[in-house]
Amino acid sequence: MQECRSDMKCVEVLVIGAGVVGLSTAVCIAETLSYCSVTIMAEKFSPDTTSDGAAGILFASEFPDVPLGRQQRWFKETFDHLLAIADSPHGSDAGVFLCSGCQIFKEVPCDKKPFWSDFVLGFRNMTRHEMKRFPNHTFGQAFTTIKCECVSYLPWLEKRFREAGGQIRYEKITSLQNVAQMYDVIVNCSGLGSRLLAKDEEVYPIRGQILKVNAPWVKNFIRDGDGKTYIYPGIGYVTLGGTRQADDWRLEVDKEDSNGIMERCSQLEPSLRKAQVIGHWVGLRPGRPNPRLEREYLYVKGRHVPLVHNYGHGGWGITLSWGTALDARDLVRESLFEKPPQARL
């Protein structure tokens, strides 16, 4: 690739999407590829992204067709990145902190030691005495992990991105071919939007609904292993969830879902029956059998423009955000060295 003068950034990179995956990817590129000038373009930024409503607690389910070692690396790199923030003076501003609790199961799971268990802190199986709190469950795992509240983390990341020279544009993108005429590299982090933008029919909505309650006495998280019931204490409120409704596009609050969430969570933590509900939230997670993290090329006016995809994380966008952002950054770098940018006409 051509050398850039020290006072000049010659490669124009566009990142599409301003959720946690898009912002993380943009920061990784802007901070480490000095020859790139990075722009984020999105229709919605914080506090209006799907990431803003996510509970943001770090653990994950396994994707079927991604090598396990790669999933472990994604998790570890994200955990280590967020732990460094939590252990720094920036932790409170970024909304990143350690959180202890348990995951409980009605039946003993096949995999008693999930792939991420070595990277969280103090992972262990719960004792019989501890399980007496949950008479309808037979097995549990206790550990300390990280909670990342995107309502704080995304503005903090955006500030970090701007400090690295990044530019921000509020605009809805309807054609990858059109924006490829103006940039040297495109990075697609549009989440559910990739169903139309990248014509990817494997992407589908997973509707999530939560309650926000005032319950400052609740200090530890509890999650049912089926993923449908969880209690996550946060800085300003406790998140109660949830729903995982595939192919459901509804963004309205469903009263029946709210009642079910409160009932299930109160069975695990009876004191929540006295908690004041202070808000509701509904969002559509970008479901996909496996995340799409790969590169292709767009052919535009005689130029081959690298297109890096990084989307389809389902409910694990925050959990895998930094690890997948590093991989996307590496694909950008490899693309530029394999096929240096051609002049835009």
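For the numbers below, each heavy atom of this structure counts, side chains included, while hydrogens, waters and symmetry mates do not. Sequence positions, counted from 1, serve as the residue numbers for this chain. Keep in mind the model is a prediction, meaning the values are calculated, not measured.
Ring geometry, F123 versus W116: the interplanar angle exceeds 60°, so the pair is classed perpendicular (tilted spans 30 to 60°). Using the six-membered ring where Trp is involved, W156 and H90 have ring planes that are tilted, between 30° and 60° apart. Classified by interplanar angle (parallel below 30°, tilted 30° to 60°, perpendicular above 60°), the ring pair H137/F134 is perpendicular.
The pair R264-D224 does not meet the salt-bridge criterion, since no charged nitrogen lies less than 4.0 angstrom from a carboxylate oxygen. A salt bridge is defined here as a Lys NZ or Arg NE, NH1 or NH2 lying under 4.0 Å from an Asp or Glu carboxylate O, and R250 with D248 meets this definition. Using a 4.0 Å cut-off between charged side-chain N and carboxylate O, R133 and E269 make a salt bridge.
Connection of V21 to Y204 is not established within any shared hydrophobic cluster, with ILVMFWY side chains joined at heavy-atom distances below 4.5 Å, either directly or through further cluster members. V282 and V20 sit in two unconnected hydrophobic clusters of ILVMFWY residues. Membership requires side-chain heavy atoms under 4.5 Å apart, directly or through other members. By the criterion of side-chain heavy atoms lying less than 4.5 angstrom apart, applied directly or through intervening Ile, Leu, Val, Met, Phe, Trp or Tyr residues, I206 is not grouped with V203; the two fall into different hydrophobic clusters. With hydrophobic clusters built from ILVMFWY side chains whose heavy atoms lie under 4.5 angstrom apart, V185 shares a cluster with V27.
Side chains of R295 and E334 form a contact here, defined as non-hydrogen atoms less than 4.5 Å apart. Residues L23 and Y153 are not in side-chain contact: their nearest non-hydrogen atoms beyond the backbone lie 4.5 Å or more apart. Contact of the P233 side chain with the N220 side chain is not registered, since no non-hydrogen atoms from C-beta on lie closer than 4.5 Å. Within the 4.5 Å cutoff, side-chain heavy atoms of I104 are placed close to those of M131. At least one side-chain heavy atom of C265 sits under 4.5 Å from a side-chain heavy atom of T229.
In this model, a donor atom of one side chain and an acceptor atom of the other lie less than 3.5 Å apart for S258 and Q209. Between the side chains of W74 and D327, at least one donor N or O lies within less than 3.5 Å of an accepting N or O. Between the side chains of D257 and T243, no donor N or O sits under 3.5 Å from an acceptor N or O. A donor-acceptor pair shorter than 3.5 Å cannot be found between the side chains of S152 and E149. At a cut-off of 3.5 Å, with distance as the only test, no side-chain donor of Q181 or Q177 sits close to an acceptor on the other residue.
Without hydrogens or angle criteria, D52 side chain to T49 main chain gives a donor-acceptor distance under 3.5 Å. Here the side chain of S194 pairs no donor or acceptor atom with the backbone of G312 at under 3.5 angstrom. Side-chain atoms of K219 come within 3.5 Å of backbone N or O of P216 as a donor-acceptor pair. S117 places a side-chain N or O within donor-acceptor distance of the main-chain N or O of P114, the cut-off being under 3.5 Å.
One distance of note links CG of L293 with OG1 of T324; it measures 6.5 Å at 0.5 Å rounding. Atoms CG and CD, on L268 and E263 in that order, are 10.5 Å from each other to the nearest 0.5 Å. Interatomic distance, T319 OG1 to H313 NE2, rounded to the nearest 0.5 Å: 10.0 Å. With rounding to the nearest 0.5 Å, the separation of CE in M41 from CD in Q167 is 11.5 Å. Taken to the nearest 0.5 Å, the CG atom of L307 stands 9.0 Å off from the CD atom of E294. For the atom pair OG1 of T78 and CG of L320, the computed distance is 6.0 Å after rounding to the nearest 0.5 Å.
Remark: Y230 engages Y232 in a ring pair (Phe, Tyr, Trp, His ring centres under 6.0 Å) (not counting sequence neighbours). When the ring pair (Phe, Tyr, Trp, His ring centres under 6.0 Å) test is applied to H81, the partners found at least two apart in sequence or on another chain are W322. With sequence neighbours excluded, the residues that form a ring pair (Phe, Tyr, Trp, His ring centres under 6.0 Å) with F221 are F143. Legend: residues meeting ring pair (Phe, Tyr, Trp, His ring centres under 6.0 Å) with H309, ordered by chain and number and at least two apart, are Y311.
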Name every donor-acceptor pair, under 3.5 Å, that has one atom in a side chain of residues 53-63 and the other anywhere in the protein, sequence neighbours excluded.
none

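Here the options are V120, I318, L83, the test is side-chain contact (heavy atoms from CB on, under 4.5 Å), and the partner is I146; only L83 passes.
Residue pairs that meet the salt bridge (Lys or Arg N to Asp or Glu O under 4.0 Å) test with at least one member in residues 13-40, sequence neighbours left out, are E31-R160.
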